[in-house]
Colleague: 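First the structure, then my questions, so here it is.
Sequence positions, counted from 1, serve as the residue numbers for this chain.
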Amino acid sequence: QVQLVEPGGGLVQAGGSLRLPCAASGRTFSNYAIGWFRQASGQEREFVATISWSGGSTDYADSVKGRFAISRDNAKNTVFLQMDSLTPEDTGVYYCAASLLSVVVTMANDYDYWGQGTQVTVSS
């Protein structure tokens, strides 16, 4: 079992930045690929970014490429999502998830563990 917590989130103005941590506990964190997903009100959950177990590979949704960056610190069991140049369209609940597949994973169904989510609101 892996427990995931996303303690960040909050309200930020358009054009601003926010850094979301995903803290993990339980089984060996470095065995898992980690992904970020988000869900806006009334919409389906969508893929945002993913990072492989080693941190050597990443992938991003087209909508966030060039603005968001995912990184991990396996020694601290933490993954970070740095979000820059935020727009109101980035508003939603952000979830981190862990996949036993270890490589970059973009499909929600391939993730085994999920955090509770954290609200990110970008005001215009």
Side-chain angles (χ1 to χ4, degrees):
Q1 280 263 348
V2 173
Q3 292 78 42
L4 302 170
V5 178
E6 310 100 330
L11 175 65
V12 63
Q13 287 189 333
S17 298
L18 203 58
R19 190 189 196 202
L20 298 183
C22 171
S25 61
R27 290 198 166 202
T28 307
F29 176 71
S30 59
N31 288 347
Y32 296 84
I34 300 295
W36 283 95
F37 291 76
R38 66 187 181 189
Q39 187 168 19
S41 180
Q43 298 186 22
E44 294 187 353
R45 192 172 299 187
E46 64 173 356
F47 165 73
V48 174
T50 181
I51 188 166
S52 63
W53 69 273
S54 66
S57 297
T58 59
D59 198 6
Y60 299 90
D62 289 342
S63 59
V64 306
K65 279 181 182 175
R67 301 189 298 121
F68 289 14
I70 189 171
S71 61
R72 69 188 297 159
D73 184 342
N74 286 341
K76 296 183 178 180
N77 285 4
T78 304
V79 168
F80 300 96
L81 183 67
Q82 177 66 41
M83 306 186 293
D84 298 322
S85 302
L86 286 161
T87 73
E89 288 69 36
D90 295 314
T91 294
V93 178
Y94 282 69
Y95 300 88
C96 70
S99 172
L100 282 167
L101 292 178
S102 300
V103 296
V104 289
V105 183
T106 63
M107 302 296 293
N109 287 344
D110 289 329
Y111 282 86
D112 305 283
Y113 304 101
W114 291 82
Q116 296 286 342
T118 186
Q119 177 70 45
V120 172
T121 303
V122 184
S123 63
S124 57

Colleague: Apply the side chain to side chain contact (heavy atoms under 4.5 Å, CB included) test between Arg38 and each candidate in Val93, Val120, Asp90; give the one that qualifies.
Modeller: Asp90
Colleague: Is it true that a side-chain atom of Arg72 and a backbone atom of Gly55 form a donor plus acceptor pair closer than 3.5 Å?
Modeller: no
Colleague: Just by distance, do the side chain of Thr50 and the backbone of Val105 share a donor-acceptor pair under 3.5 Å?
Modeller: yes
Colleague: Tell me the closest heavy-atom pair linking Leu18 and Gly10, and the distance in Å.
Modeller: CD2-N, 4.2 Å
Colleague: What is the distance from atom SG of Cys96 to atom CD1 of Ile70, rounded to the nearest 0.5 Å?
Modeller: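 Atom-to-atom, Cys96:SG and Ile70:CD1 are 9.0 Å apart.
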Colleague: For a quick test of reading the model, state the closest non-hydrogen atom pair linking Ala24 to Leu4 and the distance between them.
Modeller: CB-CD2, 3.7 Å
Colleague: Are any non-hydrogen side-chain atoms of Glu6 and Tyr94 less than 4.5 angstrom apart?
Modeller: no
Colleague: Given Leu20, which of Phe80, Trp36, Phe68 fulfils the side chain to side chain contact (heavy atoms under 4.5 Å, CB included) condition?
Modeller: Trp36
Colleague: Any chain of hydrophobic side-chain contacts (each under 4.5 Å) joining Val48 to Val104?
Modeller: no
Colleague: Which heavy-atom pair separates Leu81 from Ala49 by the least distance, and what is that distance?
Modeller: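 Between these two residues, the closest heavy atoms are CD1-CB, 4.1 Å.
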Colleague: How long is the gap from CD on Gln1 to CG on Asp112, to the nearest 0.5 Å?
Modeller: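 Rounded to the nearest 0.5 Å, the CD-CG separation comes out at 10.0 Å.
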Colleague: Taking the side chain as every heavy atom from C-beta outward, state whether Thr91 and Gln119 have any pair of such atoms under 4.5 Å apart.
Modeller: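 They are in contact (side-chain heavy atoms under 4.5 Å apart), so the answer is yes.
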Colleague: Does Gln3 CD have over 12 foreign heavy atoms under 6.0 Å away?
Modeller: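 Above 12, so yes.
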Colleague: Specify the closest pair of heavy atoms between Ala14 and Ser124, including all atoms of both residues, with the distance to one decimal.
Modeller: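 Nearest heavy atoms, Ala14 then Ser124: CB-CA, 4.3 Å.
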Colleague: Does Asp110 offer a backbone N or O that forms a donor-acceptor pair with the side chain of Ser99 under 3.5 Å?
Modeller: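 A pair under 3.5 Å: yes.
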Colleague: Look at the side-chain heavy atoms of Ile, Leu, Val, Met, Phe, Trp and Tyr, link any pair under 4.5 Å apart, and say whether Val79 and Val2 land in one connected group.
Modeller: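 Yes, Val79 connects to Val2 through the hydrophobic network.
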Colleague: For Ile34, run the side chain to side chain contact (heavy atoms under 4.5 Å, CB included) check against Phe29, Tyr113, Trp53 and tell me which one passes.
Modeller: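 The option that passes is Phe29.
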Colleague: Could you work out, with ring-ring contact (aromatic ring centres under 6.0 Å, His included) as the rule, every residue matching Phe37, not counting sequence neighbours?
Modeller: Phe47, Tyr111, Trp114
Colleague: Any donor-acceptor pair under 3.5 Å linking the side chain of Ser57 with the backbone of Ser52?
Modeller: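 Between the backbone of Ser52 and the side chain of Ser57 there is no qualifying donor-acceptor contact (under 3.5 Å).
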Colleague: Just so I know, are the side chains of Ser123 and Leu11 near enough to count as touching, which here means a heavy-atom distance under 4.5 Å?
Modeller: yes
Colleague: Indicate the atoms forming the closest heavy-atom contact of Tyr32 with Ala98, along with that distance.
Modeller: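 Tyr32 and Ala98 have their closest heavy atoms at CD2-CB, 3.9 Å.
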Colleague: Is the backbone N or O of Ser30 less than 3.5 Å from a side-chain atom of Asn74, with the two atoms forming a donor-acceptor pair by type?
Modeller: no
Colleague: Looking only at heavy atoms, what is the nearest atom pair of Val12 and Ser17, with distance?
Modeller: CG2-O, 3.8 Å
Colleague: Measuring only between side-chain heavy atoms, which start at C-beta, is Val64 closer than 4.5 Å to Met83?
Modeller: no
